[in-house]
There are 2 protein chains.
Amino acid sequence: MNEEDYIARYKKRNFDAPLVTVDAVLFTYHENTLKTLLVKRSAYPEKGKWALPGGFVSESEDDGLEATLIRKLKEKTGVIPPYVEQLYTFGGPSRDRRGWSITVAYTALIAHQSCEISIDTVSDVNWLPFSKVCQLPLAFDHLDIVNRAHERLVQKALYSIVPAYVLPETFTLPELQHVHEVIIGKPLQKKSFRRRIEQANLLVDTGEKRAEKGRPAALYRMREDSAAYNFIRNLEL
Amino acid sequence: MNEEDYIARYKKRNFDAPLVTVDAVLFTYHENTLKTLLVKRSAYPEKGKWALPGGFVSESEDDGLEATLIRKLKEKTGVIPPYVEQLYTFGGPSRDRRGWSITVAYTALIAHQSCEISIDTVSDVNWLPFSKVCQLPLAFDHLDIVNRAHERLVQKALYSIVPAYVLPETFTLPELQHVHEVIIGKPLQKKSFRRRIEQANLLVDTGEKRAEKGRPAALYRMREDSAAYNFIRNLEL
DNA sequence: TTAATAGTGTCTTTCAGACAATATAAA
DNA sequence: TTTATATTGTCTGAAAGACACTATTAA
């Protein structure tokens, strides 16, 4: 038998394959807190519990795992997040009652304003503060996933400006610093924070300013590829 | 219908699920070079090509994805590597001719001596120098996987002593430094390398020495949890 | 002017790079 | 002793921490 024959006769259904889903831990920043998007499950199993947005891979629709993720997130939020990164793959016989299952988990970041409208109208999709999420009885092993995503986000906050993606396209440095502080859970030195961003030339000054109270702050925009930049030295934890 | 009924009636076979495999990029250090374990494929598809050790998840045997990996590695090498870490999950419709497939890739490290005997006897399992592997026509997308594993290993070498797992349980500092240099592809400053390891107290002096030529070097052993330690500052690339 | 917030100056501390100097073995 | 390798001393430089200082707005 040659390879063509083998492929032609190969039937996937002859082998038992695990269920494959993709899930996202989508973070945003709103009202001075870090929030995560959760969906109330409307079907068995785990009906009624909060769960991460996600779903089954569609062999016909999806061109890859990230495509599945983006399709699912678009269904829930109406938009595609500007930052998506694969986190970890969880698998085992007992994480889903339907059988041996795998979920490929992603971390995604988005500005709250960019999906505010579409979310408000759907009561089973909700932004919950990260601190509350940890106490909720989430579906499946989604609490483990959320925690791992947060751990990784903390690391990113220590050596990159990836967290900037929870903000709108333009933002001020004090805003960005506060995002980092909320993620890390610890105040940072203004000077250290600004110095390294300036030295690595990661942001562009838009020339505009924004004032709330006090002196107006300069508005910046991320430079192309700044998300890929890693400082060689971490901030202190 | 309640949850029990739902689960009882749920038939996975009614849904098309991707094929799920687990693959390992197993590194070791031998003859002053970094090597990777490859297996010559004896069956379709990609028959005759070199591929990463791995295989399908077994729903009956495996308690998780890492369990699949360890089972497969034990089949090929006879031993369980002391360091195993999930790397990335690759998935898509065209990476395997049999259909939409996923592979959960792991990086693993092992001392060459600990699996030398079992490998030597099997001609279709082989340690190949990393530099050669990159030029071989590997099966599936395994070249991408190997390259990503190496990138990650380079990073680890810059901020941790994880690479120590390619050495036997006891080793000298010059040996460890050379491992790092081979991985990074650049010479390192003796002093910097030793200083940080000493300050973080990652190794235990066994009291023994080993001499080849010149002054004998002290033999060290990794301290418990040293693999989890990350320096806050990277070495220069 | 004062209150509030943004942004800077500058000294200290930490740790890696560079490289010379010393130590310990075998031949 | 010489050669080879291991190990340490120490100066320099880069970048973060600490914290006081100045700048810019509104009321």
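Since this is a predicted model, take the numbers as computed values, not measurements. Every chain is numbered from 1, with letters handed out A, B, ... down the list of sequences.
The closest side-chain heavy-atom distance from Leu87(A) to Arg152(A) is below 4.5 Å.
Nucleic acid contact class of Lys190(A) (heavy atoms, under 4.0 Å, all strands): base. Counting any heavy atom pair closer than 4.0 Å across all strands shown, Arg196(B) reaches sugar-phosphate atoms only and no base atom. As judged by a 4.0 angstrom heavy-atom cut-off over every strand, Lys191(B) is placed among the base-contacting residues. Looking at heavy-atom distances under 4.0 Å, Ala217(A) makes contact with sugar-phosphate atoms alone, never a base. Among the protein residues, Glu212(A) comes within range of no part of the nucleic acid, since none of its heavy atoms lies under 4.0 Å from any strand.
Residue Leu219(A) contributes atom CG, which lies 15 Å from atom C1' of dT5(C) at whole-angstrom precision. Between the C1' atom of dA25(C) and the CD atom of Glu208(B) lies a distance of 17 Å, rounded to the nearest Å. Regarding Arg194(B), its CZ atom lies at a distance of 15 Å from the P atom of dT5(D), rounded to whole Å. The NZ-C1' distance, from Lys209(B) to dT24(C), rounds to 9 Å in whole Å. Spacing between atom CD1 of Ile197(B) and atom C1' of dA16(C) amounts to 13 Å, rounded to whole angstrom units. In this structure, Arg210(A) places its CZ atom 14 Å from C1' of dT5(C), rounding to the nearest Å. As rounded to whole Å, 11 Å separates atom P of dA15(D) from atom CZ of Phe231(A). Across the protein-nucleic acid pair, Phe193(A) atom CZ and dG7(C) atom C1' stand 14 Å apart, rounded to whole Å.
Environment of CG in Asp63(A): sparse, with no more than 12 heavy atoms of neighbouring residues, nucleotides or ligands closer than 6.0 Å.
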Verify salt bridge (Lys or Arg N to Asp or Glu O under 4.0 Å) between Lys186(B) and Glu236(B), making sure each step is shown before the conclusion. CA-CA 10 Å; Lys186(B) 186 180 153 308; Glu236(B) 281 180 6; 5.3 Å; no
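The nucleotide whose nearest atom lies closest to any side-chain atom of Pro216(B) is, among dT25(D), dG17(C), dT24(C), dT24(C). Distances from the side chain of Gln199(B) to the nucleotides dC15(C), dG17(C), dA16(D) place dC15(C) closest. Checking dC15(C), dA16(D), dA18(D) against every side-chain atom of Gln189(A), the shortest atom distance belongs to dA18(D). Side-chain proximity of Leu235(B) to the nucleotides dA15(D), dG17(C), dA6(C) is greatest for dG17(C).
Comparing Arg215(B) and Leu237(B) against DNA chain C, the residue whose closest nucleotide sits nearer the 5' end is Leu237(B). Heavy-atom distances to DNA chain D give each of Arg195(B) and Arg233(B) a nearest nucleotide, and the one nearer the 5′ end belongs to Arg195(B). Where Asn234(A) and Ala218(B) meet DNA chain D, the nucleotide closest to each residue was compared, and Ala218(B) sits on the side nearer the 5' end.
Aromatic ring centres of His112(A) and Tyr29(A) lie farther apart than the 6.0 Å criterion allows. A ring-centre distance under 6.0 Å is found for His180(B) and Phe193(B).
Between Lys213(B) and dT5(D), a side-chain N or O to OP1/OP2 separation shorter than 4.0 Å is present.
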